[in-house]
Visitor: 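Supplied in structure tokens, the structure appears directly below.
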Amino acid sequence: MKVTVVGAGAVGASCAEYIAIKNFASEVVILDIKEGYAEGKAMDLMQCASLNGFDTKITGSTNDYSKTANSDICVITSGIPRKPGMTREELIGINAGIVKSVSSSLVEHSPNTIIIVVSNPMDTMTYLVHKTTGLAKHRIIGMGGALDSARFKYRLAEALEAPISDVDGMVIGGHSDKGMVPLTSHATRNSIKVSEFLSEERLNQVAEDTKVGGATLTKLLGTSAWYAPGAAVSGLVQAIACDQKKIFPCSTLLNGEYGLSDLCIGVPVVLGRKGIEKIVDIPLSDAEKEHMKASAEGVKKTNDLLEL
Ligand SMILES: NC(=O)c1ccc[n+]([C@@H]2O[C@H](COP(=O)([O-])OP(=O)(O)OC[C@H]3O[C@@H](n4cnc5c(N)ncnc54)[C@H](O)[C@@H]3O)[C@@H](O)[C@H]2O)c1
């Protein structure tokens, strides 16, 4: 199992570290455009191997895509992150050019790869990777919902005063402050609906705190977060590499599912060795359906800014 991570910045390095620590991949290649940066991050991470007990071989490359050849999975984290006060959509001008050139170079050297898109605005960047590479739709996956769901569970556990392991919940829709659709009606604490424990008002607060989860951290850190994003990506990579058939909300090209077409947006999918093996249709409340529709309109508006 060979995994390439493009972008040796905060998210890319965190993602490579979690993949290595989970010890399921034989090789991780980190690539960055900044001279020596990926090599440095790879060497630092390799010096954790004896301390953290992993055998994954991590190497770095400055923009030499021949080193990424025949990767089973490629993760795209290259591009600028937001600064406090910015929306993810504002990153499109710079990141679209980066994601376009990176995705073509990856596919040139790994024609059978599965691509996981992380760079923001993520749903639009995932759509751009489809338009650029023409890879089969099950092989292009946008990571946003896995992270947003982890943030939702964090906020639910906080409100319930319960351990996070007791809580389950999912966020679908666009990976943006307004576009996220936290599925409060489906969230549970040890199989009991959370609405049994929390008032509607408190649940709405949980949903609102979840939606601005990234912005809250960006304000505190001065740049966007990396630990949970890296962990979320590593979860998707592991589900594919180990053929786990786990359900995650991921951004995928829709063709009528959820009443939506010709855009990538977060919906529950089964991840296995083939990538997205199934899109899971779940019943939504009327309010969630309306929210999903508005979210899709927001994603399409950002897609319209792409020069395709
Ligand atoms: N989808 C999500 O849930 C999620 C979560 C967090 C961050 N992000 C996004 O991930 C991206 C990376 O964030 P970060 O905090 O790691 O940023 P960062 O600035 O720390 O790292 C980005 C790296 O990309 C590299 N890069 C730029 N252009 C490149 C190119 N053409 N080829 C190879 N490498 C290139 C830069 O040199 C840098 O090292 C941002 O767009 C951010 O918004 C997405």
Side-chain angles (χ1 to χ4, degrees), residues 4-18 29-42 60-65 67-68 74-84 86-106 109 115-129 132 141-152 171 173-177 179-180 210-211 213-218 221-237 248-251 264-266 299 302:
T4 285
V5 178
V6 181
V11 177
S14 163
C15 159
E17 183 180 11
Y18 284 118
V29 178
I30 312 175
L31 181 145
D32 202 283
I33 201 164
K34 225 188 286 172
E35 186 70 41
Y37 196 54
E39 288 85 341
K41 289 276 179 112
S61 159
T62 303
N63 229 22
D64 176 1
Y65 280 84
K67 304 264 173 60
T68 71
C74 294
V75 181
I76 303 179
T77 75
S78 45
I80 54 163
R82 52 183 176 156
K83 293 263 173 271
M86 283 175 88
T87 66
R88 295 175 178 90
E89 289 79 356
E90 287 173 69
L91 306 172
I92 190 171
I94 293 178
N95 286 358
I98 294 174
V99 169
K100 198 170 178 182
S101 75
V102 165
S103 58
S104 344
S105 304
L106 286 172
H109 292 84
I115 295 185
I116 298 178
V117 183
V118 183
S119 310
N120 276 315
M122 182 279 293
D123 299 292
T124 295
M125 294 302 104
T126 307
Y127 186 71
L128 177 62
V129 171
T132 306
I141 302 161
M143 194 296 289
L147 170 65
D148 302 331
S149 300
R151 288 176 173 160
F152 184 36
V171 177
H175 180 59
S176 65
D177 296 0
M180 284 178 215
T210 301
K211 284 157 67 180
T216 303
L217 283 162
T218 302
L221 297 166
T223 183
S224 68
W226 55 90
Y227 294 119
V233 177
S234 76
L236 305 195
V237 172
F248 289 93
C250 292
S251 190
C264 295
I265 195 165
V299 171
T302 312

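Read the numbers this way: they start at 1 and go in the same order the structure lists the ligands and their atoms. Worth saying up front: this structure is predicted, and the values here are computed from it rather than measured.
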Visitor: Start with the C-alpha gap between Ser251 and His175, add the side-chain angles, then the distance that decides, and say whether side-chain contact (heavy atoms from CB on, under 4.5 Å) holds.
Guide: CA-CA 8 Å; Ser251 190; His175 180 59; over 6 Å; no

Visitor: Can you pull out the closest protein heavy atom to atom 1 (N) of ligand 1? Residue, atom name and distance to 0.1 Å, please.
Guide: Met143 O, 2.8 Å

Visitor: Go through it in stages, so that I can follow the logic: the residues are Met86 and Leu91, the test is side-chain contact (heavy atoms from CB on, under 4.5 Å), and I'd like the CA-CA distance, side-chain angles, deciding distance and then a yes or no.
Guide: CA-CA 8 Å; Met86 283 175 88; Leu91 306 172; 3.6 Å; yes

Visitor: Using a 4.0 Å cut-off to any heavy atom of Asn120, which atoms of ligand 1 qualify?
Guide: 4 (C), 8 (N), 9 (C), 41 (O), 42 (C), 43 (O), 44 (C)

Visitor: Which is closest to atom 41 (O) of ligand 1 by heavy-atom distance: Ile80, Ile30, Leu147?
Guide: Ile80

Visitor: Hey, does the side chain of Thr62 reach the backbone of Ile33 with a donor-acceptor pair shorter than 3.5 angstrom?
Guide: no

Visitor: In terms of atom number and element, which parts of ligand 1 are under 4.0 angstrom from non-hydrogen atoms of Val6?
Guide: 33 (C)

Visitor: Which distance, rounded to the nearest 0.5 Å, do you find between the CG of Asp123 and the OG1 of Thr302?
Guide: 8.5 Å

Visitor: Atom CE of Met180 and atom CG of Asp148: how far apart are they, to the nearest 0.5 Å?
Guide: 3.5 Å

Visitor: Taking the minimum heavy-atom distance to atom 39 (O) of ligand 1, which of Asp32, Leu217, Asp123 ranks first?
Guide: Asp32

Visitor: Under 4.0 Å from any heavy atom of Pro229, which atoms of ligand 1 are there?
Guide: 5 (C), 6 (C)

Visitor: Work out whether the distance between some heavy atom of Thr223 and some atom of ligand 1 is less than 4.0 Å.
Guide: no

Visitor: With heavy atoms of Asn95 as the reference, note each atom of ligand 1 found under 4.0 Å away.
Guide: 41 (O)

Visitor: Which atoms of ligand 1 sit under 4.0 Å from any heavy atom of Leu91?
Guide: 43 (O)

Visitor: Do the side chains of Asn63 and Tyr65 get nearer than 4.5 Å, heavy atoms only?
Guide: yes

Visitor: Which one of Gly213, Ala38, Gly79 has a non-hydrogen atom at the shortest distance from atom 27 (C) of ligand 1?
Guide: Gly79

Visitor: Note the single closest protein heavy atom to atom 44 (C) of ligand 1, along with its residue, its atom name and the distance in Å.
Guide: Val118 O, 3.0 Å

Visitor: Among all protein heavy atoms in this structure, tell me which lies nearest to atom 7 (C) of ligand 1, with the distance rounded to 0.1 Å.
Guide: Val11 CG2, 3.6 Å

Visitor: Can you tell me if Tyr37 contacts ligand 1 (heavy atom of the residue under 4.0 Å from the ligand)?
Guide: yes

Visitor: Looking at Lys34, which atoms of ligand 1 are within less than 4.0 Å of one of its heavy atoms?
Guide: 37 (O)

Visitor: Rounded to the nearest 0.5 Å, what separation is found between the NZ atom of Lys100 and the CG atom of Asn95?
Guide: 14.5 Å

Visitor: May I ask you to identify the nearest protein heavy atom to atom 20 (O) of ligand 1, giving residue, atom name and distance to one decimal place in Å?
Guide: Ala10 N, 2.9 Å

Visitor: Checking a contact table here: which protein heavy atom is nearest atom 35 (C) of ligand 1, and how many Å away?
Guide: Ser78 CB, 3.5 Å

Visitor: Do Met122 and Met143 touch side chain to side chain, with heavy atoms closer than 4.5 Å?
Guide: no

Visitor: Once you round to the nearest 0.5 Å, how far does OG1 of Thr216 lie from CG of Leu221?
Guide: 10.5 Å

Visitor: Tell me: protein heavy atom nearest atom 12 (C) of ligand 1, and distance?
Guide: Thr77 O, 3.0 Å

Visitor: Can you tell me which residue and heavy atom of the protein come closest to atom 33 (C) of ligand 1, and the distance to 0.1 Å?
Guide: Ile33 N, 3.4 Å

Visitor: Which heavy atom in Arg151 sits nearest to a heavy atom in Gly213, and how many Å separate them?
Guide: NH1-C, 4.1 Å

Visitor: Which distance, rounded to the nearest 0.5 Å, do you find between the CD1 of Ile116 and the OG1 of Thr4?
Guide: 11.5 Å

Visitor: Give the residue and atom name of whichever protein heavy atom lies nearest to atom 19 (O) of ligand 1, and the separation in Å to one decimal.
Guide: Pro81 CD, 3.5 Å

Visitor: Distance alone, cut at 3.5 Å: any donor-acceptor contact between the side chains of Glu17 and Ser14?
Guide: no

Visitor: Minimum distance, heavy atoms only, to atom 2 (C) of ligand 1: which one of Glu35, His175, Arg88 is it?
Guide: His175

Visitor: Could you grab the distance from atom NZ of Lys34 to atom OG of Ser78, nearest 0.5 Å is fine?
Guide: 12.5 Å

Visitor: Taking only heavy atoms of Ile98 into account, list the atoms of ligand 1 that are under 4.0 Å away from them.
Guide: 28 (N), 29 (C), 30 (C), 31 (N)

